Amino acid sequence: MVRPALSRDWQSEFERWVERFTEPLAHKTRRRWAPLYLRGLLLPGRRKSVEPLAERVAPGHFDALHHFVAISPWKTEPLERALVAEANRLVGGTDAFLIVDDTALVKKGEHSVGVAHQYCGELGKSANCQAMVTLTLTRGEVPVAIGMRLYLPEAWAGDRRRRRRAGVPEEIRFREKWRIALDEIDRATAMGAEFGTVLADAGYGACAQFRKGLSERGLRWAAGTSGAQKIYPADVKLRIPRRRSTGGRPRKHPVPSVKSVPAREMIDGRRWRPISWRRGTKGPLRARFSAVRVRVADGPKAAKAQHLPGAEEVWLVAEKRAKGEIKYHLSNLPAATPLRELARVIKARWSCEQPHQQMKQELGLDHFEGRSWRGLHHHTLLTMIAFAFLQHLRLGGKKRAPSLDRPRARRSPMSAARSSRS
């Protein structure tokens with residue numbers, strides 16, 4: 001991974017661009033420190049924690065820079081709103097995607113806010129880390145991170161002493177990741193985020209409440225699910241059974257005309273179609289896809305703890321990869337949607353991995369050593385703003401990302417920045 005360059009042109013463009021984020025900071029001292037902190041994140045350097053960062057951009061002023069990011073009570077909402085506006089300018093639109101995901105920040109100690117032994121996707125196993133629920137707006141394979149909220153485990157949420165030490169706001173309670181994700185979608189929507197479809201992996205898509213929450217908000221969505229997810233055919237009927245002639249208690253629930261089956265069984269025997277959804281560095285990316293309209297068994301519980309069909313008819317899409325692995329997805333895209341379009345939409349989710357990786361490796365997302373709720377969310381927001389600036393450079397300063405229906409090859413933002421190195 002290459003480093004962003006700092007040239008005279010880069011510096012002058014940054015000074016002009018960053019004004020949209022400094023203006024909402026009412027205090028002039030904060031308007032001074034915000035650009036310096038952002039520069040520190042963008043400059044080359046092995047560590048982006050506050051002390052080495054201060055040595056690069058504000059020698060002798062570690063205390064002031066630390067106070068700005070970790071202690072100063074500036075509100076994040078005005079900068080979050082400015083970030084959404086910038087993301088809209090760069091990649092927003094009805095053909096953009098809003099991607100829900102989470103990313104882990106690995107930690108060694110036990111006192112950083114929200115740290116716990118939990119699954120870490122970066123390591124592929126459970127580890128001591130903080131889990132952040134993220135939102136990424138993407139269009140034309142150009143992602144811009146616009147949301148990052150800490151998942152507070154139950155053990156933390158109920159521990160008054162730890163909460164007090166980390167400065168967790170009183171109103172913050174334990175919430176499952178899918179609830180945090182819906183909250184973040186509501187926040188982004190209220191701030192004017194422009195997108196057409198929400199995407200998520202199976203960690204969210206397997207949750208019926210999450211899918212229903214998206215549909216209730218009138219959103220189109222596509223999300224991963226498990227091959228074990230119970231499914232009914234789209235034409236399933238419900239009937240009210242007659243009361244037995246011998247008497248007895250009347251049946252409370254309707255009875256489906258067919259039994260539900262796992263998603264993998266619903267796909268068995270169906271025709272597979274090879275589809276290429278985009279061109280990678282080694283040529284076209286291909287897999288085989290199959291899809292069928294279904295109703296998910298996520299309705300009310302009936303007899304024997306079996307779920308009735310949900311009210312919504314959706315797509316069940318299966319993706320068979322080169323080594324035979326099969327992934328399953330659900331989507332409420334219209335019934336007339338072609339299979340190629342379903343594949344393109346589902347595979348657009350990959351682009352959220354780029355900002356997660358680059359913000360960690362290049363911008364110090366996981367380098368913050370403070371322990372407080374406020375400091376963590378200040379740092380993650382400023383890191384997302386720094387990444388948005390790199391995407392601004394990647395698109396030439398003023399251009400919008402082209403639509404996915406007109407794809408073209410692009411360099412990474414880090415490579416684009418490197419080409420301007422003097």
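Side chains included, hydrogens not; waters and symmetry mates left out as well; all remaining heavy atoms used. Being a predicted model, the structure only gives us computed values, none of them experimental.
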Original post:
Any side-chain donor-acceptor pair under 3.5 Å between Thr76 and His377?
Top reply: no
Original post:
Is Lys125 paired with Glu122 through a side-chain N to carboxylate O contact shorter than 4.0 Å?
Top reply: no
Original post:
Would the Trp156 and Tyr151 ring centres measure less than 6.0 Å apart?
Top reply: no
Subject >> Spacing of Ile385 atom CD1 and Leu390 atom CG [to the nearest 0.5 Å] >> reply: 12.5 Å
Original post:
Heavy atoms, side chains only, cut-off 4.5 Å: are Tyr328 and Gln229 in contact?
Top reply: no
Subject >> Pairing residues for Glu265 by the salt bridge (Lys or Arg N to Asp or Glu O under 4.0 Å) criterion, not counting sequence neighbours >> reply: none
**OP:** Show your reasoning for whether side chain to side chain contact (heavy atoms under 4.5 Å, CB included) applies to Leu381 and Leu83.
**Re:** CA-CA 9 Å; Leu381 173 57; Leu83 177 58; 4.1 Å; yes
**OP:** Could you tell me whether Asp183 and Arg149 have a side-chain N and a carboxylate O separated by less than 4.0 Å?
**Re:** no
**OP:** Return yes if some donor-acceptor pair links the side-chain N/O of Thr22 with the main-chain N/O of Arg31 below 3.5 Å, else return no.
**Re:** no
Original post:
Got a donor-acceptor contact below 3.5 angstrom from the Asn128 side chain to the Lys107 backbone?
Top reply: yes
Original post:
Under 3.5 Å, is there a donor-acceptor pair between the side chain of Glu51 and the main chain of Phe62?
Top reply: no
Subject >> Trp315 six-ring centre to Arg293 NZ/CZ under 6.0 Å and within 45° of normal >> reply: yes
Original post:
For the rings on Trp74 and His378, is their centre-to-centre separation under 6.0 Å?
Top reply: yes
**OP:** Check whether any side-chain heavy atom of Met191 sits under 4.5 Å from a side-chain heavy atom of Glu77, and report yes or no.
**Re:** yes
Subject >> Side-chain donor-acceptor contact under 3.5 Å, Ser351 with Thr138 >> reply: yes
**OP:** Give a yes or no answer on whether the side chain of Arg344 reaches the backbone of Trp277 with a donor-acceptor pair at less than 3.5 Å.
**Re:** no
Subject >> All pairs passing side chain to side chain donor-acceptor pair (under 3.5 Å) where residues 213-225 contributes a residue, at least two apart >> reply: Asp186-Arg217, Ser215-Trp221, Ser215-Glu312
**OP:** Could you tell me whether a side-chain N or O of Thr94 sits under 3.5 Å from a main-chain N or O of Gly196, the two making a donor and an acceptor?
**Re:** no
Subject >> Donor-acceptor under 3.5 Å (Lys360 side chain, Ala104 main chain) >> reply: yes
Original post:
Any donor and acceptor pair, going by atom type alone, linking the side chain of Arg273 with main-chain N or O of Phe289 inside 3.5 Å?
Top reply: no
Subject >> Salt-bridge criterion met for Lys108 and Glu369 (N-O under 4.0 Å) >> reply: no
Original post:
Is a side-chain donor or acceptor of Arg163 paired with a backbone partner of Ile172 at a separation under 3.5 angstrom?
Top reply: yes
Original post:
Is a side-chain donor or acceptor of Lys48 paired with a backbone partner of Leu43 at a separation under 3.5 angstrom?
Top reply: yes
